[in-house]
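Indexing begins at 1, ligand by ligand and atom by atom, following the structure's order.
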Amino acid sequence: MKSAVFFALLPTLLSAVSVHAVLPVPQKIANLPTISNKFIIEVEDIATIPNKRSFKRSLDVVYDSLKSRAVKFDVTKEFDTAGIFVGAAVTLNTAEDVAAVANTEGVTAIRPVKSFKQPVLAKMHVLTGLDDVELPPSALSTHIMTGVDKLQAEGNIGKGIKIGIIDTGIDYKHPALGGAFGGSSLVYTGYDFVGDAYTGDNDPVPDSDPYDNCNGHGTHVAGIIAAQPGNEYNVTGVAYGAKIASYRIFGCTGVVSEDVIVDALIRGYKDGNDILTLSLGGPDGWAASSSAVVANRLAKLGKILTIAAGNDGSAGSWYASSPATAHDVISVGSVENTVISLQTAIVHGAIYRPITYFGTDPFAVLDERPIYVLTNSTTITNDACNPLPDSTPDLSKYIVIVRRGTCTFVTKLANIAAKGGKASLIYDNGNGFAGISVGAYTATLIQAADGEFLVNQFFAGVNITISFPQTGDRISALSSTGGLMSTFSTFGPENDFSFKPALSAPGGNIMSTYPLALGGFAVASGTSMATPFVAGASALLLAAKGKTPAVARAARDLFETTATKVPSSLTDGDPYQTLTQAGAGLINAYDAIHGTTLVSTGELILNDTAHFNGIRTFTVTNTGKTTKKYTLSHVPAGTALTVQADSIFTSFGPVPLSTTYASAIIFPSTFSVRPGGSQLVIATIKPPTGLDASRYPVYSGFIDITSSATDITHVSYLGLVGSLKNKQVVDNTDATFGVKTPILIDAVGDWQTAATNYTFVDGDWPSLLWKLAFGTPALRVDLVDSAIKITPTLSTRGLFSGWFSFPHPNKGGSFAQVKVVGPLASFDYIPRHSDLDDAPYSLFNLETPTFANGTTIRKGTYRVLLRVLRVTGDPTREEDYESWLSPILGISA
Ligand SMILES: *[C@@H]1O[C@H](CO)[C@@H](O)[C@H](O)[C@H]1NC(C)=O
Ligand SMILES: *[C@@H]1O[C@H](CO)[C@@H](O)[C@H](O)[C@H]1NC(C)=O
Ligand SMILES: *[C@@H]1O[C@H](CO)[C@@H](O)[C@H](O)[C@H]1NC(C)=O
Ligand SMILES: *[C@@H]1O[C@H](CO)[C@@H](O)[C@H](O)[C@H]1NC(C)=O
Ligand SMILES: *[C@@H]1O[C@H](CO)[C@@H](O)[C@H](O)[C@H]1NC(C)=O
Ligand SMILES: *[C@@H]1O[C@H](CO)[C@@H](O)[C@H](O)[C@H]1NC(C)=O
């Protein structure tokens, strides 16, 4: 998505932008946070408008009122679905008209329109054939990582579930995608909202056919959900029994304006889809955009919405993408495909499935060997961490079975080698099935359930032997990052501290379908690929548990509590990856559907220290058939140092981690629950101490709820050391331009240092440039008297500022007591800038001597006052704003 392209360029850009050079003061090309003349208005119910006369629709009341006041407006689209969204997309050409619409009775909200770029993938490689070196050895490794293979083996392929894909359209003529459109086809319905030629700058040309043979993104997404098995590459969708609706919102190239997305969301809902998935978005940090608002309503109504977390991982923390920011949707991060060879071992002496293990080559054991199990317990935490007892036999002829945990793999294997052991299988303890580092030893990881089986058989006296076939059956290829977060996956949290992303899914190195005209199959990387994976898993969930709103609303908690924790590296002992990138972990669809422990909430958001909420409760319900004894424990993840040392700027990704963790007291920490019973748990979490609060450390982790090695669920928590209200928002350094910002740029493009008069003739007008180091809920630009007596919080050196927008309501309080001559511009809920973006600043041109409402500014001398509210600040309190006062500006028009 948006700046994934910068991922590849990161090393160069980092050195060019943030270390060595400074950017030239930019040309006076406006660069504003939103499209300046497009808005989406929302109107109230006709019943609640007092003065509706004979009108039947609230929109007509509003139009009539605007016409009667000679307000010029152009309706580009209407939304008229009561209970979801009633409003219109409008083009308004003067600030005066914007103000008039905002003040019209019946209008409940006017939100500026955002535009979203085409998702730019971290990787997109069209496969050239079965001998392509980029061909992953297995199309199914992602299914194995997440338990989807086991669900499909049970026959759950998502039958009866409908999924709407809002994307670039689909090549439904692809044989793996059904080969046809409409009726009983896989792609059962859809709509093209835009047409091939749409770029975002021209008018959409809609039609009823969402066919795509020029873009490809949506076809790749569709295959991840629903590719039909049996194709030449064995690409198989997660829910290939589900039906797909295709909503095409991108042309062959270009951007999409948000009103089109809102339209598609509503249509996807009205068409009766159970799940809507959007692999798109842009950096935001807030949940206030129209698309986020509508997505959230649909989620509340009982639809599952899966939305990409974003591909801006290199831009660092606090960069959550919208509309994934919507509070009730599932924001999805990306985990690298294990792309490590999975081999199989054959069990003799008992009837058991082949055991899968990680390895590029088969285990170097040629004969069939008996197993030796070190400890008669499948829950021991420190198996073989100490020298083995004297009673241990010579292990050289055995395959040694040892449990993962507490000490490093190499320590365990050294202790085993001291007793002659030459080959070991380490069974997982819930940390996740992945490739591991074992030094020079012959050892590999197997899954917890397989380990438990071997332990139990051994101690029951069953003579088990294992052999390792040396040919065939390799089902995946080596990757040093498999199972880790993709570096491109965006870091949250949201500025209001919402938990983003919610969880992760395989999105790095994913093979799927591609338009036939463009090659037929491709390998791609992006949260665009992870998102449909979760949509597919959601279909399996609805197919298993019933497609009711209650199941849909509980889906996120269920996926979060059963997810597999994601490590920050493959070295055992390193912390888990910060939940600000991984969310609650890698989706485990099998456990989400078959787990028999239900935890009432997935997320404990502790907030910052100023709003700290550290004493939390949740319930644990045993939905199994036997009484279970639970043990609860605290498992921290790496603490994200979200801001650079001695700087106001956020850390670049990968965000550095600290191992200074929170602590937790859990009560009760052990208990038994009868079948169908529940237990209330109180978790008291204490933030870590001793961390530098100026790094804005975000700590996170899990409360694990364990009843057996295969029955582990968790609640995820997230908190901040420090107060967001202390976080400086406006960049007042000279880091970017070699001159301290904000600055006023004069007619010839120089930054203004002394009092300057502007005539507003032939380009003689000022521009205001600012850069935000952090997001803000409110940014205001006002014209004030040149002699104003206020002390701005940010140093002023004879510069100026100014922009465009609609007037903000007078909120009262000390903010309102600052005497302004009139507003020039305002923006609400805007994101920070990123040095990795094309233009890491905003630029507002005051091209005409007019206030935001269009009224002419009288001749005179003024200054521009820029005020930016800190996150969690009170909009009525002047003290909660950062302020900057420009040099004197003479308006002589
Ligand atoms: C597809 O699966 C079949 C059967 O498992 C296997 O023989 C074939 O090699 C696979 N093809 C690819 C490209 O993985
Ligand atoms: C192993 O442990 C199980 C469960 O605690 C017990 O029933 C069994 O007798 C033990 N077997 C041996 C050989 O110690
Ligand atoms: C396992 O093997 C041992 C030694 O070969 C033998 O004495 C024992 O009876 C076997 N046990 C079973 C259950 O087959
Ligand atoms: C965190 O606290 C702020 C300030 O009270 C509040 O606005 C915000 O909603 C809280 N965040 C969450 C996720 O509860
Ligand atoms: C700006 O215009 C005012 C009024 O016309 C004049 O007094 C002042 O000298 C001018 N300032 C500059 C810097 O030209
Ligand atoms: C426009 O804004 C200016 C400055 O706040 C104010 O003086 C003027 O009355 C407003 N005009 C209208 C038509 O609201």
- Message: Taking the basic N atoms (NZ, or NE/NH1/NH2) and the acidic carboxylate oxygens, is any pair closer than 4.0 Å for Arg780 and Asp828?
- Response: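 Salt bridge between Arg780 and Asp828, a charged N being under 4.0 Å from a carboxylate O: yes.
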Donor on one side chain, acceptor on other, [X] and [Y], under 3.5 Å:
X      : Y      : value
Tyr829 : Asn495 : no
Ser289 : Ser322 : yes
Thr597 : Lys628 : yes

Can you find a protein heavy atom closer to [atom] than 4.0 Å?
atom                   : result
atom 9 (O) of ligand 5 : no
atom 2 (O) of ligand 4 : yes
atom 5 (O) of ligand 2 : no

- Query: How far apart are the C-alpha atoms of Phe827 and Val781, what are their side-chain angles, what is the distance that settles it, and do they pass the side chain to side chain contact (heavy atoms under 4.5 Å, CB included) test?
  - Reply: CA-CA 9 Å; Phe827 294 94; Val781 185; over 6 Å; no
- Query: Which option, Leu889, Asn757, Ile891, owns the non-hydrogen atom nearest atom 12 (C) of ligand 5?
  - Reply: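 Closest candidate by heavy-atom distance is Asn757.
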- Message: So is Ala755 touching ligand 5 or not, going by heavy atoms under 4.0 Å?
- Response: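 Contact check Ala755 vs ligand 5: positive.
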- Message: What verdict does the ring-ring contact (aromatic ring centres under 6.0 Å, His included) test give for Phe671 and Tyr630, after you've listed the backbone C-alpha separation in whole Å, the side-chain angles of each residue and the deciding distance to 0.1 Å?
- Response: CA-CA 5 Å; Phe671 50 82; Tyr630 289 101; 5.7 Å; yes
- For ligand 2, which atoms sit closer than 4.0 Å to a heavy atom of Asn376?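 Every atom of ligand 2 under 4.0 Å from some heavy atom of Asn376: 1 (C), 2 (O), 3 (C), 8 (C), 10 (C), 11 (N), 12 (C), 14 (O).
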- Query: Between Phe458 and Tyr372, what is the ring plane arrangement, given parallel below 30°, perpendicular above 60°, and tilted in between?
  - Reply: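 Answer is perpendicular, since the angle exceeds 60°.
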- Item | Polar contact flag for Asn607 and ligand 4 (N/O pairs, less than 3.5 Å) |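 Yes, at least one N or O pair falls under 3.5 Å.
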- Identity and distance of the protein heavy atom lying nearest atom 13 (C) of ligand 4: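 Result for atom 13 (C) of ligand 4: Asp496 O, 3.5 Å.
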- Where ligand 4 meets Ile605 - atom numbers and elements under 4.0 angstrom, heavy-atom basis: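 Every atom of ligand 4 under 4.0 Å from some heavy atom of Ile605: 13 (C).
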